[in-house]
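Here's the structure, in structure tokens; my notes come after.
Order of the sequence lines sets the chain letters (A, B, ...), proteins ahead of strands, with each chain counted from 1.
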There are 2 protein chains.
Amino acid sequence: MPKISEARKSERKRQILLASARRFARQGFAETTILDICREAGLSPGAVYTYFDSKEAIIAAMAELGAQQSAARMDAARSGLDPLTRLRMFLSEFSRPEAAQVNQYDLRIWAEAIGNAGLRSIYLRSRAQLIEALGDIAQPLAARRGVDPGLLAELIAAVAIGSEVRKAIEPEADVLPVLGVLFALLASGRPTTDDGPAQADA
Amino acid sequence: MPKISEARKSERKRQILLASARRFARQGFAETTILDICREAGLSPGAVYTYFDSKEAIIAAMAELGAQQSAARMDAARSGLDPLTRLRMFLSEFSRPEAAQVNQYDLRIWAEAIGNAGLRSIYLRSRAQLIEALGDIAQPLAARRGVDPGLLAELIAAVAIGSEVRKAIEPEADVLPVLGVLFALLASGRPTTDDGPAQADA
DNA sequence: GTCTATAAAAGGATAGAC
DNA sequence: GTCTATCCTTTTATAGAC
């Protein structure tokens, strides 16, 4: 049982999943056929079915991979800067042009999570992580404004998700100025603060 | 060419569209078969195809109907009260338990609008109406805070859409407290105002 | 492990009786 | 106008050669 084989197998799986992600983002789950995935991955149906038992299994594995990547992206915003800057870093993900495919993929997942128990639980877990990370950031801001930190985190998450929906359908739209208004509302509570700079521009 | 016939025909179409809407919200477009729609509407395939040429035609007609209903819902919030109360009326749509199906339907439409030109243009038109209506409401609030009214309307729309996504997947979630934080941020600019009451509670 | 070819099933759409 | 029965295409999944 050579170790190389296990590593290669995992590599092939990843190749298939990334190919699937591109197609799913563009076409959705039901509209993407196994043959689409095969072509995108450069493999034959027989090969693909060696690694996954069914299309459903591909969708589940890929949702899991997407959740991991999302968690990794959140960690990038955990540096030790002031809250507004960290929040800005976190939300400025949306300005990257490559983000459009991720946004489209996310939107497809959310829609599918309505009726797919597996995707729903992945969504719930991923969302809980998001709220937790935003809670850390929101805490000092919420304290200043006298609002519940958890609810402020939920509000920021709603803005982020709403912006993702827009970017998914209109990739050319620029949501940063909109997020700038959110910063303005958060920063303007008390102009003189003790937890770092708080500009309102985007 | 009797007028009754025309009215009956329109009535049947509506019956089919409402049946489709229920299925589409629950299962999505691709996963809903023509037979599902037939069963839900209590009609046979032959009858359904008398009124619509294809499944695609049903989807298009139903998206149009949904956009009309959405516009009607927005008009309900156009009464002459103070902006925060009108905004609260508008957003409190989300607290109605029956709203879950509408939220699910909307989320399905958004996901499908990524790759369907027809749905995309309906989305864009519907969204423009939403921003316009919110602009009216947001104007006095934006003036007080010194932010661009159009961008504030976009921000409120993002919160609304983000909340709809959540309600679609978690119908039992209560988003009103989250929206309450938005009200708090909007209302707390200047505690003493001249355009009506501005409580921050939900 | 990967391919080609194909079996098996599902779904969109239609024909023709009533 | 509506139904039942069915055609035809697409798609998932597998069998067997290499």
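Close to C:dT14, at under 4.0 Å from its OP1 or OP2, lies no side-chain N or O of B:Tyr49. Residue B:Tyr51 places at least one side-chain N or O closer than 4.0 Å to OP1 or OP2 of D:dT2.
B:Glu93 has no carboxylate O lying under 4.0 Å from a charged side-chain N of B:Arg88, or vice versa, which leaves the two without a salt bridge. Residues A:Arg120 and A:Glu112 are not paired through a salt bridge, judged by the lack of any N-O separation under 4.0 Å between the basic side chain and the carboxylate. Salt bridge B:Glu154/B:Arg127: present, at least one basic N to carboxylate O contact under 4.0 Å. We find that B:Arg125 and B:Glu64 are joined by a salt bridge, their nearest charged nitrogen and carboxylate oxygen being less than 4.0 Å apart.
With A:Thr85 contributing its side chain and A:Leu81 its backbone, the two residues share no donor-acceptor pair below 3.5 Å. Counting only distance, with no hydrogens or angles, the side chain of B:Thr32 and the backbone of B:Gly28 share a donor-acceptor pair below 3.5 Å.
Taking atom CZ of B:Arg12 as the reference point, atom C1' of D:dC3 lies 12 Å away to the nearest angstrom. Look at NZ on B:Lys55: it is 8 Å from C1' on C:dG11, rounded to the nearest Å. In this structure, CZ of B:Phe52 is placed 15 Å from P of C:dT14, rounded to the nearest angstrom. Following rounding to the nearest Å, B:Asp53 (CG) and C:dT14 (P) show an atom-to-atom distance of 8 Å. Taking atom NZ of residue A:Lys13 and atom P of nucleotide C:dG1, one finds them 12 Å apart after rounding to whole Å.
Of the residues in residues 28-45 of chain B, B:Leu43, B:Ser44, B:Pro45 come within less than 4.0 Å of DNA chain D through at least one heavy atom, sorted by number. Of all the residues in residues 14-27 of chain B, not one reaches under 4.0 Å from DNA chain D with any non-hydrogen atom.
In summary, of the residues considered (B:Phe24, B:Tyr105, B:Trp110), a ring-ring contact (aromatic ring centres under 6.0 Å, His included) with B:Phe29 occurs for B:Phe24 alone.
For the residue pair B:Ser163 and B:Leu179, the shortest heavy atom distance occurs at OG-CD2, 3.9 Å.
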